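Read through the structure below, which is laid out as structure tokens, and then see the notes.
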Amino acid sequence: MMKPSLLGNSKAALKKSMDYHLRCSLCKEPVSKEGRDLFLATAFSLRDRMAEKILQTERRYRETKTKRVYYLSLEFLIGRLMGNTLHNLGMFDSYKGLLTDAGFDIEEVREQETDPGLGNGGLGRLAACFLDSMATLDIAGFGYGIHYEYGLFKQEIDNGYQREKPDNWLAELNPWEIKRTDEKCIIPIHGRIEHFQDRAGEYNPMWLDWKVIMGIPFDIPVVGYGGKTVNWLRLYGAGSSADFDIQIFNEGDYFRAVEQKVSSETITKMLYPLDTLKSGRELRLVQEYFLVACALRDIIRRYLRDHENFDRFPERVAIQMNDTHPSLAVAELMRLFVDEYALPWDHAWEITRETLAYTNHTVLAEALEKWPVGLLEKVIPRHLQIIYEINRRFLDKVAPLYPGDIDLIRRISLIEEGETKQVRMAHLALVGSHSVNGVSALHTEILKNENFSDFYALRPEQFVNITNGITQRRWLLEANPRLAGLISDTIGDAWITDLRQLRRLEPMADQKAFKDAFHDIKRANKEILAGIISDTVWLSVDPDSLFDVHVKRIHEYKRQLLKIMQIVHEYLQIIRDEKKPVIAKTHIFAGKAAPGYWIAKQMIKLIHNVGQVINQDKRIGDALKVVFLPDYRVSLAEKIIPATDLSEQISMAGREASGTGNMKFMLNGALTVGTLDGANVEMLEEVGEENIFIFGLKAKEIAEMVKQKRYRPLDYYHRFPEIRRVLDAFRDDTFCAAERGLFQWIYHRVMNNEDPYFHLPDFMQYIEAHDKIEAEFQAPATWTQKAILNVARCGKFSSDRAIADYNRLIWNKNGLKEK
Ligand code: 26V
């Protein structure tokens, strides 16, 4: 037992605890001035302070028989944890003071922390925001994910081209995680089915000759704001099963056993980057099964500590599937209930459906998961059998409702017929759960009316909208301490747990002193970013210029190309039309391209080449700069977003399910230029049309044009000289003098391949929006006023609101029943 004085919160106790960890945990002299040592000592000392709270939280949950919520996700993009933990424990200032006394800047110490990249983008970051909100709202909410050895690749740029480097994030000690070998579990995989009958003559298949994988949990504490609740994120790593593989062991084949050990460990080697989904990636399927199997065993084990049967399972347990990636939970839960706990099918089915809920995060057809039947048969034969049985029963129920409608049956079946038969994972998730939600109002409507309209007709009450949100603790309190301070000085700090309080800033939008202070803060943040730009890409940018930012994964539907076309247009206006630039602009991009996505990688090259031409053109001077910041990640977003004037959210309408970056910018006082897509629609509703720049076709209009095949890019090319010369510039090597013909494909993709992402129809409106932006940025007082109103009116977009919605509409739909 540690001496109590080491656990106190006085300055002396904190110092003692830091010294103790430097000496005893790290074996360093307490005078060590290494930043990394100080980071570790701080983290260890914070961990000590969380330990008791973790135990208390668990005791409270058990005593009050709290319903537990499990968030299953292949991705948790948690970012660095030190700042968040310090803020949520209310100890930021104490540690900052302590480090300052020792001659250190807390910011420098924080920079020592590795930024874990255990997610691709929005979906993984959302999961992390949700964990923060669940803990802050004192909800017993736990994350289950994978302990990838390698996170998303690191991005380096070589001659304008993306190069991927491995992200070996565990190379250095991770002070937050606790490996719990004692809670490891064993997961069966592969093998074959024997078709037996039981004593009563009932069909009773047996799964035989399976191999085993071991799941080893690593727990990362999740502290809620105020420190009352500390939940867990539990990440499973795949471990050696050699000791358990009885067959190999009995054969005494030591070498084969070791080989088997190595091959099971590869299962959690790396996170897959979202790619043009190459179905048939066996290892990814195994990962999805592995996570689900480990998580469900753990959930059931915990439930059975306090219950004798499964009757109360849905009252005590809610499981949220983050997209279809963990949708094998439907089959695995059924298998556990039916095969391992001998529940009758119908009862098992009822419990399974009442427990599970599914969130859909995309309408893109190429992103909807399907797995070849043959692969499932090889990896998890018993689950495939269960999926077939679920499908048989489902179709038997639906068929009589639509007599003779074979086409409907074909459309809704869990199995897609064709050359390779595939299981449609979204259908499995829909049929096996009580709720499906979209992530913005528009997205949910599209799910109901387009992608899942047959399912909507069958069970409309299953469909729920829950617009995404972000945690203000990370995205304002931590990322923008100056603005957070100004806000708290003005309206108090209740906004930290109730973001709607920001409404009270509205009157400040007219007050000069507040506006000046707000403007100064934005300017200071821009200066910091200018420093980062100068350090990383050796470019000097003017902090008084308009910081115009497009940062997110590179994908055609997000239309980085539209933004580049707008920049090229601006450039050509200056050099060909001799337009005098009215304001200086810095165009900032960041984002990773999936390694196998050629067009996305070309976009990165294009941004670099356009940048190189513009940044070096003497005629342009400082009027225009184009910057690409490599290796976009949570910690870089925390620097870019507070420094942004203009947030670009310009996806093709109907394609961006929600977007969450859009909300982070709004919260930090950027104005948005965007299409009516995802949550932008709701941002417009909240902030009012004078305070946001909306342009472009609406989702319905695009759908109509597609249906009627009315869109002809050539018409736009001929009608609008602005469009013509931008496209011609890609054709005539203006931006690739050293590599002739490099960007000709862009012209052809847009003109001959029918521009599937509708760049041309939106282009003229987009450049008009930018003209307006240019004019408005010249009046800083009005611009700042609008920026303040954006902050004041973004209360809806807190993940606290989103989680409260999940809790009310999905996890406790029927209210909490009494014991
Ligand atoms: C996946 C793939 C894989 C195949 C190639 C193209 C492609 C494109 C997109 C995706 C998205 C997978 C799911 C996802 O990450 N969705 C994002 O979820 C966020 C949180 O709800 C949401 O804000 C974003 O709009 C949505 O794209």
Side-chain angles (χ1 to χ4, degrees), residues 71 73-77 118-130 133 152 271-281 284 288 320-327 358-370 425-426 429 436-444 446-447 451 464-471 475 551-560 591-601 603 637 647 649-666 674-683 699 756-757 797 799 802-803 805-806:
Y71 200 81
S73 178
L74 271 280
E75 305 188 11
F76 285 92
L77 198 45
L118 307 185
N120 270 287
L123 172 143
R125 181 55 230 174
L126 186 77
C129 284
F130 281 2
S133 285
L152 188 66
L271 164 70
Y272 279 97
L274 2 132
D275 226 311
T276 29
L277 278 186
K278 299 211 182 61
S279 70
R281 285 208 161 149
R284 166 73 184 194
E288 294 184 355
Q320 192 69 35
M321 299 182 283
N322 198 22
D323 219 294
T324 54
H325 315 152
S327 60
Y358 156 51
T359 306
N360 173 283
H361 293 270
T362 182
V363 299
L364 294 184
E366 71 269 30
L368 292 176
E369 276 190 306
K370 290 171 198 165
M425 303 312 275
V436 50
N437 74 285
V439 289
S440 73
L442 174 65
H443 171 58
T444 303
I446 297 175
L447 291 182
N451 302 61
V464 182
N465 176 59
I466 300 189
T467 299
N468 281 166
I470 56 165
T471 167
W475 297 106
V551 292
K552 49 184 82 244
R553 281 302 286 263
I554 317 274
H555 197 289
E556 286 170 284
Y557 84 80
K558 295 177 186 283
R559 298 202 297 194
Q560 278 85 4
K592 293 178 184 174
Y597 191 172
W598 185 83
I599 294 182
K601 294 180 112 174
M603 278 302 120
S647 152
Q649 307 299 334
I650 60 175
S651 50
M652 168 182 169
R655 290 298 188 277
E656 190 68 272
S658 160
T660 44
N662 45 2
M663 303 168 184
K664 294 165 196 165
F665 285 105
M666 185 183 188
T675 46
L676 281 177
D677 201 11
N680 297 353
V681 178
E682 290 155 78
M683 282 166 52
Y757 297 95
F797 304 109
S799 46
I803 286 299
D805 286 353
Y806 275 95

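Start at 1 and go down the list; that is how both ligands and their atoms are numbered. Note that the structure is a prediction, hence the values are computed from the model and not measured.
Between Met425 and His325 the shortest side-chain heavy-atom distance does not fall below 4.5 Å. In this structure, the side chains of Thr660 and Arg125 stay at 4.5 Å or more apart for every pair of heavy atoms. Under the 4.5 Å side-chain criterion, counting only non-hydrogen atoms from C-beta, Glu75 is not in contact with Asp323.
Among the atoms of Thr362, none of the N or O lies under 3.5 angstrom from an N or O of ligand 1. Close N/O approach between Asp323 and ligand 1 is not found [any backbone or side-chain N/O within under 3.5 Å].
In this structure, of His361, Lys552, Glu656, Glu369, the residue bringing a heavy atom nearest to atom 18 (O) of ligand 1 is His361.
Under a 4.0 Å criterion applied to the non-hydrogen atoms of Ala367, ligand 1 contributes the atoms 1 (C), 2 (C), 3 (C), 7 (C), 10 (C). Listed by number with element, the atoms of ligand 1 under 4.0 Å from a non-hydrogen atom of Tyr557 are 27 (O). Heavy-atom proximity to Gly659, at under 4.0 Å, picks out these atoms of ligand 1: 22 (C), 23 (O), 24 (C), 25 (O). Near Ala657, meaning under 4.0 Å from one of its heavy atoms, ligand 1 places the atoms 25 (O).
If you look at Leu364 next to ligand 1, the close heavy atoms, those under 4.0 Å, all belong to the side chain. In Asn468, the part holding a heavy atom less than 4.0 Å from any atom of ligand 1 is the side chain. Residue-level proximity to ligand 1 for Tyr597 is absent, since no heavy atom of it falls below 4.0 angstrom.
Side chain to side chain, Ser651 and Asp677 meet the donor-acceptor criterion of an N or O pair below 3.5 Å. With 3.5 Å as the limit, one finds a donor-acceptor pair spanning the side chains of Asn322 and His361.
The ring pair (Phe, Tyr, Trp, His ring centres under 6.0 Å) search around Tyr806 returns Phe130, Trp811, not counting sequence neighbours. For His555, the ring pair (Phe, Tyr, Trp, His ring centres under 6.0 Å) partners at least two apart in sequence or on another chain are Tyr557, Tyr597.
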